[in-house]
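Note that the coordinates shown come from a computational prediction; the quantities given were computed from them, not determined experimentally. Order of listing sets the numbers, starting from 1, for every ligand and every atom in it.
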Amino acid sequence: MRKTIVAGNWKMNASKETVNTLILGILAGMDDVKSEVVVCAPFPYLSQVEALITHSQLKLGAQSLNINADGAFTGEVSAEMIKDFGAQYVIVGHSERRSLYGENSTLVAEKVKAALDNDLTPLFCVGETLEQREAGATEAVVSEQINAVIDLLGIDAFLGIVVAYEPVWAIGTGVTATPEQAQGVHAFIRQLLAGYDDGIADMTAILYGGSMNAGNANELIACEDIDGGLIGGASLKAEDFLQICRVG
Ligand code: PEP
């Protein structure tokens with residue numbers, strides 16, 4: 001039985017004041033939440049969130065990492081640093097990193113490795129653009145992204161990875177994949193993993209991301225192969241986020 005995971009990706013949205021309000025609001029409503037709940041904060045706020053969530057069931061994540069342990073990489077943050085602030089998760093391969101910062105599947109796979117080497121769970125994002133979907137290339141795109149990780153690390157790495165299927169056309173657009181569209185790709189991802197190892201495929205959590213909100217989370221997470229959500233916009237308001245967390 002896979003556990004439901006709901007992870008909030010705040011992206012570059014935070015201030016000391018909003019972080020305080022948001023975390024205290026989430027904590028106040030966690031009593032009836034059974035899912036694993038993660039908040040992925042911008043780097044400068046990791047310390048603040050770490051302090052606020054001590055002794056709670058809320059988990060901390062970062063939004064990216066550098067593959068190097070330390071050294072002359074101005075502006076970058078390593079897995080060790082993220083761990084130092086109590087984070088257990090890190091988003092890797094988000095489409096905004098792939099499209100805006102030129103992160104290709106080879107680098108993304110190396111980032112997955114750096115996370116795993118440091119006992120961080122990568123929230124490993126895959127997904128196609130609208131153009132790719134319309135060209136019938138969704139499965140080819142997702143396969144290439146996943147196979148880059150399998151090629152570098154082998155299928156066993158998926159014992160420590162959470163996959164997030166995030167169709168690029170649904171991220172931040174208010175357009176959500178239908179449950180049928182999402183379930184179709186989730187089932188495809190699970191079959192792809194099963195081609196290497198049935199047991200690992202069955203255990204791997206695959207989250208959906210792309211304009212998930214309190215209104216559509218139920219029917220998406222009810223799908224057989226959808227094990228939770230990676231939430232952008234709707235993770236910035238405690239009550240909206242909690243409603244999604246309560247689905248699982
Ligand atoms: C995301 O950025 O991972 C995301 C899913 O964003 P949104 O929920 O706003 O579409």
When every non-hydrogen atom of Gly127 is compared with those of Val141, the smallest separation belongs to O-CG1, 3.8 Å

Distance, nearest 0.5 Å, that separates CD of Glu128 from OG of Ser95
10.5 Å

Val38: hydrophobic cluster co-members (side-chain, 4.5 Å)
Ile5, Tyr89, Ile91, Leu123, Val162, Leu207, Leu230

With sequence neighbours left out, the residues meeting salt bridge (Lys or Arg N to Asp or Glu O under 4.0 Å) with Asp202 are Arg2

Is the shortest side-chain N to carboxylate O distance from Asp227 to Arg190 below 4.0 Å?
yes

Shell of residues surrounding ligand 1, defined by a 4.0 angstrom heavy-atom cut-off that is strict
Asn9, Lys11, His94, Glu166, Ala170, Ile171, Gly172, Gly209, Gly210, Ser211, Leu230, Ile231, Gly232, Gly233

Quick one: which residue pairs count as a ring-ring contact (aromatic ring centres under 6.0 Å, His included) with a foot in residues 178-200, not counting sequence neighbours?
Tyr165-His186

